[in-house]
Amino acid sequence: MNGRLRFLTCGSVDDGKSTLIGRLLFDTKQIFDDQFQALEKDSARFGTQGAAPDLALLVDGLQAEREQGITIDVAYRFFATPERAFIVADTPGHEQYTRNMATGASTADAAVVLVDARKGLLTQTRRHTRIVALMGVRQVVLAVNKMDLMDWSESAFRAIADEYAAFAQELGLTAVQSIPLSALTGDNLTQSSTHTPWYGGPTLLQWLENVPAGLEEATPPLRLPVQLVLRPHAEFRGYCGRIAQGTLRPGDAVRVLPSGVSSTVQQIFVGEQAQAQAQTGESVCITLADERDISRGDVLCAVDAPLEMAEQFHAHLLWLHEQALIPGRPYWLQLHHRTVSATVSSIRHRIDPNSGAELAARELQMNDIAEVHLNLDRPLPFAPYAENRPLGAFILIDRLSNATVGAGMLDFALRRDHNLHWQQLSVNKAARAALKHQPPRCVWFTGLSGSGKSTLANLLEKRLHAQGHHTYVLDGDNVRHGLNRDLGFAEADRAENIRRVAEVARLMVDAGLIVLVSFISPYRAEREFARSLFTPGEFLEVFVDTPLEECERRDPKGIYARARAGQIPNFTGISSPYELPLTPELRLSTPGSSPEALLEPVLM
Ligand SMILES: Nc1ncnc2c1ncn2[C@@H]1O[C@H](COP(=O)(O)OS(=O)(=O)O)[C@@H](OP(=O)(O)O)[C@H]1O
Ligand SMILES: Nc1ncnc2c1ncn2[C@@H]1O[C@H](COP(=O)(O)OP(=O)(O)O)[C@@H](O)[C@H]1O
């Protein structure tokens, strides 16, 4: 046996993926008799192949069944020949295809890229190959399918194979094999074809049986990301996870990251069994000689070769959501088993899937691939994806909907943060606030233009000032003339606008001030980010709740009239969204009340 091979299939819809997997299962005798009889019946009713069994129905049928139940991103099928066992990631071909494909590719040893011989290479072929290469899959086979419809033309095959080889070479895929085949007839799939005397290479199955498997290095040093801490009773504390690299033996000295504390491995369990050794790819539960504070997301490393830690990265990112990626907007980032807050600080460039050209981009749309700079809210242990997939692969999650919106690969740490250390200052926030005899606060007014944010913030400042408090008002109109002069009103600009203002407000609160912020701040994501910069109780969100009609009626700057006349694009409430605050500390409904009356409870 050549060990187990994990592979995935990809290509455009209708290239014959289901038929190909169906035929592989069928020809390697993975299909039970009763399934085959059902298939013959279904083929007569729904099939596209006349009286012959339609093997695509086998896969599609299972898929339909699956889609009725819980949604599974990727289904894994198992089959085996005397030579090898296989796990094929079947990535359903609907609109979430790219996401599923990326998930499948992240654990695959090899990829089968299908093309329709009649169509040749398409954008989708190139995009998928790019993702496969990006995800670190080095073994790629091009299955030139439907050769029967091209009369087994050698020249047609060569043209496609040569074009693909040149493309693959650019991506660093040097060992690409192209195979002329027909998934429908089975030619060159599991049996050598009599139609291609000019082809001397392997069948697809031979290629799959012989291609090298295994990705992660089994060589030291040890890296074990902790997935779970087991504490069934007071005497036992086990740390469980899958070894990402290296070997592990009782007595080994380990260092825990990020904390840096060290200890010695006491016992290693694989399942219920105590073992003398475990290595890369094995799921283990270990105990340590000392009581250490270790939690999910920590990484155990060889004591003398700990992982690098960083919080700023150069990375490749695949965007997976209809809602565009907005630089500066905070997302959750999950790296091995740790979740932290992160922003894309800049999009270096987007990559053209066809040519590989580097294109300028301010946002990323669904299925875009880009190189970006990432900013995490704290340093994490990591390895470049090219060196170790489990320690360099991350996903981005929307903070409000919890949807996975991006998948990426860390390339390297940006050295900048290594030279930057928080200055330990002896006069701190508490000392500054004490001198001012006030608790520092950030009062964040949000609402439509004309809702009354500035009026209320100004009045509140006047009152606080009269009481002897130290205050400052940050107002959209003013800040946009200076610090944020470079920003407009597109979604990405507004996100950056609020990010900067939130950071400024944090500095002012750190200075001991009561800061009153008055910005439309239409997106929940940015308001939540602002909140996250402060300690609990320090940040007060005040929703100035005035209906759009009332704001339009007031129109103190005549701005709504111009927006309605089509003179102002992306106008909040008209052609750009305002996401209502869900749980503000305070909601002030302004129609029918004076600003003084509204602020009375705040000042008591
Ligand atoms: N397209 C568009 N949409 C909304 N508002 C616009 C726009 N263009 C200019 N203005 C004027 O800019 C003020 C809002 O700026 P903000 O920085 O508060 O906006 S945001 O928080 O970034 O959404 C806002 O001022 P306020 O009326 O004080 O809210 C408007 O006068
Ligand atoms: N209860 C109220 N609170 C605040 N403003 C009010 C209220 N009632 C009427 N207004 C009027 O609404 C307008 C709000 O404008 P402004 O404070 O500049 O809003 P924003 O800063 O949200 O754009 C002002 O003309 C103000 O006099």
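Residues take their numbers from the sequence shown, with the count starting at 1. Both ligands and their constituent atoms are indexed starting at 1 by order of listing. All values below were derived from every heavy atom in this structure, side-chain atoms included, with hydrogens, water molecules and symmetry-related copies excluded.
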Check your understanding: For P595, is the nearest heavy atom under 4.0 Å from an atom of ligand 2?
Key -> yes
Practice item. May I ask you to check whether T455 has an N/O atom sitting below 3.5 Å from an N/O atom of ligand 2? Key: yes
Check your understanding: Between R500 and N484, is any side-chain donor less than 3.5 angstrom from a side-chain acceptor?
Key -> yes
Practice item. Show which atoms of ligand 2 fall inside a sub-4.0 Å distance from at least one heavy-atom site of S449. Key: 23 (O)
Check your understanding: Which of the atoms of ligand 2 are close to L598, meaning less than 4.0 Å from one of its heavy atoms?
Key -> 1 (N)
Review point. Near ligand 1, which residues have a heavy atom under 4.0 Å away from one of its atoms?
Key: S449, G450, K453, G476, D477, R480, F489, R494, N497, I498, F519, I520, S521, P522, K557, I559, I568, P569, N570, F571, T572
Check your understanding: Taking atom types as modelled and ignoring hydrogens, do the side chains of S521 and W444 form a donor-acceptor contact shorter than 3.5 angstrom?
Key -> yes
Check your understanding: With a 4.0 Å cut-off on heavy atoms, does L448 reach ligand 2?
Key -> yes
Check your understanding: So is there a nitrogen or oxygen of G450 less than 3.5 Å from a nitrogen or oxygen in ligand 2?
Key -> yes
Check your understanding: Quick one: does ligand 2 sit under 4.0 Å from the side chain of K453, the backbone, both or neither, non-hydrogen atoms only?
Key -> both
Exercise for review: Would you mind checking if R480 and D475 are paired as a salt bridge, meaning a charged N to carboxylate O distance below 4.0 Å?
Suggested key: no
Point to revise | E538/K429 ion pair, N-O < 4.0 Å | key: yes
Practice item. Report the nearest protein non-hydrogen atom to atom 25 (O) of ligand 2: residue, atom name, distance rounded to 0.1 Å. Key: P556 CB, 3.9 Å
Check your understanding: Can you tell me the protein heavy atom closest to atom 21 (O) of ligand 2 and the distance?
Key -> S454 OG, 2.6 Å
Review point. Are side-chain N/O atoms of D411 and H316 paired as donor and acceptor at under 3.5 Å?
Key: yes
Review point. N/O to N/O below 3.5 Å, does that happen between K557 and ligand 2?
Key: no
**Study point:** No-hydrogen, no-angle side-chain donor-acceptor test under 3.5 Å, Q312 and H373
**Key:** no
Check your understanding: Is R499 paired with E526 through a side-chain N to carboxylate O contact shorter than 4.0 Å?
Key -> no
Check your understanding: Should we count CZ of R554 as having more than 12 external heavy atoms under 6.0 Å?
Key -> yes
Exercise for review: Could you pull out all residues at least two apart from D477 that satisfy side chain to side chain donor-acceptor pair (under 3.5 Å)?
Suggested key: K557
Check your understanding: Which residues pass the salt bridge (Lys or Arg N to Asp or Glu O under 4.0 Å) test with E552, sequence neighbours left out?
Key -> R564
Exercise for review: Check ligand 2 against S593 and write out every atom of the ligand that is under 4.0 Å from a heavy-atom position of the residue.
Suggested key: 1 (N), 2 (C)
Check your understanding: Do R329 and Y523 meet the cation-pi criteria used here (NZ or CZ under 6.0 Å from the six-membered ring centre, within 45° of the axis)?
Key -> yes
Review point. Considering only the protein, which heavy-atom contact is closest to atom 4 (C) of ligand 2, and what is its distance?
Key: G452 CA, 3.6 Å
Tell me which donor-acceptor pairs under 3.5 Å the side chains of residues 569-578 have, and how far apart each pair is, sequence neighbours excluded?
from	atom 1	to	atom 2	distance (Å)
T572	OG1	R494	NH1	2.8
T572	OG1	R494	NH2	3.3
S575	OG	N570	N	3.3
S575	OG	F571	N	2.8
Y578	OH	T446	OG1	2.7

Check your understanding: Does an N or O from R554, backbone or side chain, lie closer than 3.5 Å to an N or O of ligand 2?
Key -> yes
